[in-house]
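Remarks on the structure that follows.
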Amino acid sequence: MQFHQNGYEPGDPENHDPAERYRHGGAVGPVPEEVDVLIVGTGPAGLTLAAQLAAFPGIRTCIVEQRPTRLYRGQADGIACRTMEMFEAFGFAERVAREACWILETTFWKPDEARADHIARSGRVQDTEDGLSEFPHVILNQARVQDFYLDVMRKAPARLAPHYSRRLISLAVDESAAAGPIGTAYPVTAVLERLDPSHEGRRETIRARFVVGCDGARSAVRKAMGLALEGDSASQAWGVMDLLAVTDFPDIRMKALIQSARDGSMVLIPREGGHMVRLYVELDKLAEGERVSQRAITAEDLVATARRILHPYTLEVKDIPWWSVYEIGQRLCPRFDDRPEGAPANRLPRIFIAGDACHTHSPKAGQGMNVSMQDSFNLGWKLAQVLRGLARPELLATYSAERQAIARELIEFDREWAGILGKAKEAAAAGLPYDPAETQSYFVQHGRYTAGTATQYRPSLLTDDARHQALAPGFIIGTRFHSAPVIRLADAKPMHLGHVAKADGRWRLFAFADAEDEGAPEGGIARLCRFLESAASPVRRFTPPGADADAVIDVRAIFRVPHRSLAIERMPAFLLPLTGRLRLRDYEKIFCNDPADRQNIFVNRSIDSVRGCVVILRPDQFVSALFPLDAHAEIGAFFERILLPQA
């Protein structure tokens, strides 16, 4: 898609009605007096959480925002492969892929050896390794990502919309109520101040079972918790700007990492629409205690620096839709919830923080928005299962433990990456040589990290140990489920297996058959199905009465033999369940290997051909456990430690 030819316009590029493109879309009237979950902040973390909770009409959610309306421009833009996989779960990955700029290659530029005041291309690499994900690395304005989430919320069963122009004034937790049962009290009281002109200064009080602060680096929620970001103080200034410009720089539509001899480094990111580009421009180091705001840097200053770095290429700026300057400081909150150290077991976390509220870093590696959304994707299903009485309350403590460890890894990566990008200027100032190939090498080595696929949770309540990992080395326990193509048996439709894992709060149990199994009664799949129908079955034990059989644990079977070799009428009845009010048959639980070249899921993920295996996915698409097909007791015990029996 091409757009922005006549200047930057926010919103849907296919909508030519200016009024609709600037549609407010917020909730009308006061906030509710009592809710299950109060979300503070409508950035990527807040909206990811809100969109997930909006899927459950029985959960009362309120999301508030200090800004007067939705975001229209600026801020983050990098969308990692793993994030696209998550967007597929929410149902809008195709919309993002269609509108975004795809990053397929990255180029590297260094000082020209013949003329040090010029730059020359030193390398070009594939941006993402083959087979890492079925989705590309793309670039799209954060405002559009948030628009897609708002659409999901508006159409969801709970029909959720933000309350804008609200500033959080205070949070208080009633400790006696916080230690009580989940559904009997509202332990957290929040006071909000309205900022809209017709109600300016009016205060509203809202009582909540849980509060989640997604309100950025200056988080009022974090401050109310008595927590602070800890880590390095800012020492390096960078500028960022979105440009509509004319240039003779040949890689203007490529992602480019540019290191000049004397004027610093620049990261160039092509943007959606075919014309816009984002530049991250290295500025001077900050003195001890100095803030970048004291330098009164202007957009013209950033443009001038960019032109010097790009020399001998020219840059004619036509429009600057958005720009900012910032300080690099890698900081991390010591915990992401309010549960005091040494608190009794019945004192659950009642306040959480996510995204920039609990970790800050530079934006040049494109991780901030991605990691923030993964924070709240991790938290959302846990809140939903506990509030719906499906899971044990101690599940909530796993959020801080899991995500704080991941954020710490992000901080370390960002510190290294920021240092590498600044090395050329430091070396020039010291009169020392610097090999730009180091930048390219580091970028290639850490490709899986920047793609978002390197996250691995440690063994815990939710993540089993690796005793059965050899059954499927391609599905690493603790990492996101690495999807692959399959054929759906009922209609021969080619599709990705991972795309059945939607953001609906359900667990997935994928049963991979051995090489000889064709669904016969004596086969491993049929025996597993008989167990899952028995009184000892976790499906029966943890599914509420009257709910569909797959309401909590969604079971799918994948056969190694071609789909034309199987007869659906001979499949176990458990894999053809009745669903909905009319009790219609579900034909979408059975899959077969895709015979196409290089599409074999059993080969690509190294699934044991003799024994097959069971892969259990958490509701956020991470692999929790692997078991042999006949490890029925182990499968039941795994769910027993997390879920609550349903009467």
Side-chain angles (χ1 to χ4, degrees), residues 385 390-392 395 398 456-484 486 497-498 500-501 506-517 519-543 549-550 552-560 571-572 574-575 589-591 593 601-643 645:
Q385 290 210 339
L390 298 176
R392 301 179 185 278
L395 175 65
T398 65
Q456 183 171 12
Y457 294 129
R458 300 165 186 166
S460 68
L461 174 72
L462 289 172
T463 305
D464 213 16
D465 60 37
R467 65 189 183 279
H468 296 307
Q469 185 65 75
L471 291 171
F475 295 132
I476 300 173
I477 297 169
T479 68
R480 113 294 189 193
F481 179 77
H482 190 180
S483 184
V486 290
L497 180 61
V500 306
R506 292 190 291 170
W507 292 80
R508 264 78 196 184
L509 189 157
F510 291 156
F512 289 88
D514 63 59
E516 305 301 323
D517 195 341
E522 67 277 8
I525 294 294
R527 293 198 304 271
L528 176 66
C529 288
R530 287 196 292 274
F531 162 68
L532 294 175
E533 290 176 307
S534 72
S537 164
V539 173
R540 292 187 61 180
R541 185 165 166 73
F542 302 119
T543 301
D550 62 356
V552 178
I553 303 172
D554 178 19
V555 179
R556 314 270 176 150
I558 306 93
F559 290 89
R560 186 180 290 260
M571 291 294 107
F574 181 81
L575 296 175
K589 303 293 189 185
I590 310 170
F591 302 87
N593 195 33
I601 188 171
F602 287 85
V603 172
N604 290 344
R605 303 296 174 261
S606 303
I607 298 168
D608 191 302
S609 62
V610 176
R611 294 180 291 172
C613 71
V614 167
V615 181
I616 296 176
L617 270 63
R618 305 157 31 144
D620 57 358
Q621 304 174 316
F622 277 75
V623 177
S624 273
L626 290 176
F627 296 108
L629 275 172
D630 59 359
H632 301 163
E634 286 187 79
I635 294 169
F638 172 81
F639 286 109
E640 186 75 34
R641 72 195 198 198
I642 300 165
L643 301 178

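Since we're looking at a predicted model, the values are computed, not measured.
- Closest approach of Asp464 to Ile477, counting heavy atoms only: O-CG2, 3.3 Å.
- Counting heavy atoms from C-beta outward, Phe602 and Ile558 have side chains that approach closer than 4.5 Å.
- Checked against the 6.0 Å centroid criterion, the rings of Phe542 and Trp507 do not qualify as a close aromatic pair.
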Leu532 and Ile553: CA distance, side-chain angles, deciding distance, side-chain contact (heavy atoms from CB on, under 4.5 Å) verdict:
CA-CA 10 Å; Leu532 294 175; Ile553 303 172; over 6 Å; no

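- Between the CD1 atom of Ile642 and the CZ atom of Arg618 there is a distance of 8.5 Å, given to the nearest 0.5 Å.
- Shown here for Val555 and Lys589, the closest heavy-atom pair between the two residues is O-CD, 3.5 Å.
- Between Phe475 and His482, the shortest heavy-atom contact is CE2-O, 3.3 Å.
- Note on Arg611 versus Asp630: no salt bridge recorded, every NZ/NE/NH1/NH2 to OD/OE distance being 4.0 Å or above.
- Note that CD1 of Ile590 and CE of Met571 are 6.0 Å apart. Values are rounded to the nearest 0.5 Å.
- Looking only at side-chain heavy atoms (C-beta outward), Pro572 and Glu533 stay at 4.5 Å or farther from each other.
- Atom OG of Ser537 is separated from atom CZ of Arg530 by 13.5 Å, given to the nearest 0.5 angstrom.
- Minimum interatomic distance between Ser460 and Arg641 (heavy atoms only, all atoms of both residues): O-NH2, 3.5 Å.
- Closest approach of Ser606 and Gly474 over heavy atoms only: CB-N, 4.5 Å.
- Going from atom CZ of Phe622 over to atom CG of Leu617 covers 10.0 Å, rounded to the nearest 0.5 Å.
- For the pair Ile525/Leu575, a side-chain contact is recorded, criterion being any heavy-atom separation below 4.5 Å from C-beta on.
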Given Val615 and Arg508, is the side-chain contact (heavy atoms from CB on, under 4.5 Å) satisfied, shown in steps?
CA-CA 8 Å; Val615 181; Arg508 264 78 196 184; over 6 Å; no

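- Between Ile601 and Asn593, some side-chain heavy-atom pair lies under the 4.5 Å cut-off.
- Crowding of Glu640 atom CD: a count of heavy atoms from other residues, nucleotides or ligands under 6.0 Å exceeding 12.
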I would like to know whether Phe574 and Val539 meet side-chain contact (heavy atoms from CB on, under 4.5 Å); could you show each step before the answer?
CA-CA 11 Å; Phe574 181 81; Val539 173; 4.3 Å; yes

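- Side-chain contact check for Thr398 versus Tyr457: every heavy-atom pair is 4.5 Å or farther apart.
- Between Asp465 and the options Arg467, His468, Gln469, a side chain to side chain donor-acceptor pair (under 3.5 Å) holds for only Arg467.
- In this structure, Arg560 contributes its side chain and Gly612 its backbone to no donor-acceptor pair below 3.5 Å.
- With contacts defined as side-chain heavy-atom distances shorter than 4.5 Å, the pair Phe591/Val500 qualifies.
- The shortest side-chain heavy-atom distance between Leu461 and Arg392 does not fall under the 4.5 Å cut-off.
- Here the closest non-hydrogen pair linking Pro473 and Ile476 is O-CG1, 3.5 Å.
- Residues Cys613 and Ile607 are in side-chain contact: their nearest non-hydrogen atoms beyond the backbone lie under 4.5 Å apart.
- Annotation: Phe510 is in aromatic contact with Phe481 [ring centroid separation under 6.0 Å].
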Step by step, work out the side-chain contact (heavy atoms from CB on, under 4.5 Å) result for Phe512 and Leu497.
CA-CA 12 Å; Phe512 289 88; Leu497 180 61; 3.8 Å; yes

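- For Arg605 (side chain) and Ser483 (main-chain N/O), a donor-acceptor pair under 3.5 Å exists by modelled atom type.
- Using a distance-only test at 3.5 Å, with no hydrogens or angles considered, no donor-acceptor pair links the side chain of Arg541 to the main chain of Ala536.
- Using a cut-off of 4.0 Å between Lys/Arg side-chain N and Asp/Glu carboxylate O, Arg527 and Asp517 are scored as not salt-bridged.
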